[in-house]
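Written below as structure tokens is the structure these notes are about.
Every value quoted in this text rests on a predicted model; they were computed, and no experiment measured them.
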Amino acid sequence: TISNPLSVDVPITAQQIICENEYLTVSPNEFNIPAESEVTIDVSFRPLLVGKINTNVIIKSPELGELKYPISIEGTAAPPKVLQPIQACLGSDKIVQIYFTHYLKKPSQYTVKVEKFAEGVPFSDFIPEVATINVDPTKGPAENMFNLRYEPSNIIETKGLLKVSSVDGGEYQWVITGKPLFPQAH
């Protein structure tokens with residue numbers, strides 16, 4: 001909430017609002033504070049990395065001076081998405097396309113790997129077709145895609161944790177399940 005104790009309206013433009021963290025946005029980004037009144041603005045945060053951040057939103061007004069609003073925000077890890085089970089006959093494979101969106105405003109490199117989901121559950125039947133993905137978001141958020149191959153090696157259901165991670169861009173996770181089928185007669 002921004003108060004205006006003056007007897008005149010005070011306009012605030014987008015150029016007067018400074019978000020010290022590039023992933024904070026203020027809405028509305030231009031507004032008028034009526035005389036002897038107050039206005040409430042919304043501050044949104046799109047966390048890309050896990051962790052706590054202390055930052056400020058500053059409003060510089062010739063009439064009101066510099067108003068500094070300290071903000072403590074925290075990005076928490078999202079739970080892994082659960083993909084539909086992938087089915088393939090023994091001796092064959094199935095390829096699925098995996099999508100993720102890179103929200104960073106700078107280029108980043110992601111590593112793609114499959115890890116164990118639970119002790120004693122096989123996961124080696126999943127093969128990412130790329131080991132790294134380079135992203136250059138020159139036009140804003142970039143949707144990326146890569147192929148994941150499932151090749152059942154036996155008739156036991158497999159499960160893995162697919163991770164796409166970057167030091168700068170954070171981590172995306174999917175729980176993947178492979179359901180093998182008996183070979184089909186030709």
Side-chain angles (χ1 to χ4, degrees), residues 19-27 29 42-55 71-186:
C19 295
E20 291 183 345
N21 182 293
E22 65 181 314
Y23 299 105
L24 288 179
T25 56
V26 173
S27 175
N29 64 356
D42 292 322
V43 178
S44 299
F45 172 55
R46 178 183 291 257
L48 298 179
L49 299 174
V50 174
K52 282 189 174 186
I53 299 169
N54 292 311
T55 189
I71 297 175
S72 181
I73 49 183
E74 183 174 2
T76 58
K81 291 184 179 181
V82 179
L83 293 180
Q84 291 275 345
I86 307 165
Q87 293 184 334
C89 295
L90 285 171
S92 67
D93 64 2
K94 172 85 179 219
I95 295 175
V96 294
Q97 294 178 329
I98 307 294
Y99 294 89
F100 71 98
T101 302
H102 173 81
Y103 290 100
L104 269 181
K105 297 174 182 176
K106 60 184 178 181
S108 191
Q109 183 178 67
Y110 288 87
T111 302
V112 181
K113 63 183 175 180
V114 177
E115 296 181 352
K116 181 183 343 183
F117 180 75
E119 198 61 45
V121 179
F123 66 95
S124 60
D125 293 349
F126 300 103
I127 304 143
E129 293 195 342
V130 295
T132 59
I133 299 170
N134 292 310
V135 179
D136 185 7
T138 54
K139 297 176 185 140
E143 185 171 76
N144 301 276
M145 185 275 297
F146 65 95
N147 290 331
L148 177 70
R149 181 183 304 272
Y150 169 59
E151 293 180 6
S153 58
N154 58 49
I155 202 67
I156 298 171
E157 181 176 291
T158 58
K159 190 175 262 193
L161 186 61
L162 174 62
K163 290 185 176 184
V164 176
S165 57
S166 165
V167 173
D168 299 326
E171 184 171 81
Y172 300 84
Q173 296 182 9
W174 296 266
V175 175
I176 48 179
T177 304
K179 294 197 175 221
L181 303 171
F182 287 104
Q184 298 290 324
H186 293 290

Query raised in the report: Does one side chain, of D42 or S27, offer a donor that lies under 3.5 Å from an acceptor on the other?
Result: no
Query raised in the report: In Å and rounded to the nearest 0.5 Å, what is the OG1 to CG distance from T177 to D125?
Result: 12.0 Å
Query raised in the report: Any side-chain heavy atom of F182 within less than 4.5 Å of one from I155?
Result: yes
Query raised in the report: Any side-chain heavy-atom pair from C19 and V26 closer than 4.5 angstrom?
Result: yes
Query raised in the report: Can you tell me how far the CD1 atom of I95 sits from the CG atom of L148, to the nearest 0.5 Å?
Result: 9.0 Å
Report summary line: A88 and K94 have their tightest heavy-atom pair at CB-CB, 4.0 Å
Query raised in the report: Can you tell me if CD on Q84 sees more than 12 non-hydrogen neighbours from other groups inside 6.0 Å?
Result: no
Requested in this report: Would you name the heavy atoms of C89 and S92 that are closest together and state the gap between them?
Outcome: O-OG, 2.7 Å
Report summary line: dist E74:CD -> K52:NZ (nearest 0.5 Å) comes out at 5.0 Å
Query raised in the report: So L90 and L181, side-chain contact (heavy atoms from CB on, under 4.5 Å) or not? Walk me through it.
Result: CA-CA 6 Å; L90 285 171; L181 303 171; over 6 Å; no
Query raised in the report: Below 4.5 Å, heavy atoms only, C-beta onward: do V135 and L104 meet side chain to side chain?
Result: no
Query raised in the report: Do the ring centers of F100 and Y110 come within less than 6.0 Å of each other?
Result: yes
Query raised in the report: What's the shortest heavy-atom distance between K113 and P128, and which atoms?
Result: CA-CG, 4.5 Å
Query - Check: I53 and N21 side chains under 4.5 Å, non-hydrogen atoms - result: yes
Report task. For the pair T158 and F123, evaluate side-chain contact (heavy atoms from CB on, under 4.5 Å) and give the outcome as yes or no after the intermediate values. Result -> CA-CA 5 Å; T158 58; F123 66 95; 5.7 Å; no
Query raised in the report: Can you tell me if S165 and T111 form a side-chain donor-acceptor pair at under 3.5 Å?
Result: no
**Report entry** Distance, nearest 0.5 Å, that separates OH of Y23 from CZ of R46
**Finding:** 10.5 Å
Query - Residues N147, I98; criterion side-chain contact (heavy atoms from CB on, under 4.5 Å); working and verdict - result: CA-CA 6 Å; N147 290 331; I98 307 294; over 6 Å; no
Query raised in the report: CE/M145 to CD/Q97 distance, rounded to the nearest 0.5 angstrom?
Result: 4.0 Å
Report task. Kindly give the heavy-atom pair with the smallest separation between K159 and F117, and that separation in Å. Result -> CD-CD2, 3.2 Å
Report summary line: Heavy-atom nearest pair, L161 first then V175, reads CD1-CG2, 4.2 Å
Report summary line: Shortest non-hydrogen pair, S108 vs D168, comes out as OG-CB, 3.8 Å
Requested in this report: With sequence neighbours excluded, tell me which residues meet ring-ring contact (aromatic ring centres under 6.0 Å, His included) with Y150.
Outcome: F126
Query raised in the report: With no hydrogens and no angle check, is any side-chain donor or acceptor of Y172 less than 3.5 Å from a backbone partner on T101?
Result: yes
Requested in this report: Could you tell me the separation between the CD1 atom of I71 and the CD atom of E20, rounded to the nearest 0.5 Å?
Outcome: 9.5 Å
Report task. Walk me through it: do K163 and E115 pass the test side-chain contact (heavy atoms from CB on, under 4.5 Å)? Result -> CA-CA 8 Å; K163 290 185 176 184; E115 296 181 352; 3.0 Å; yes
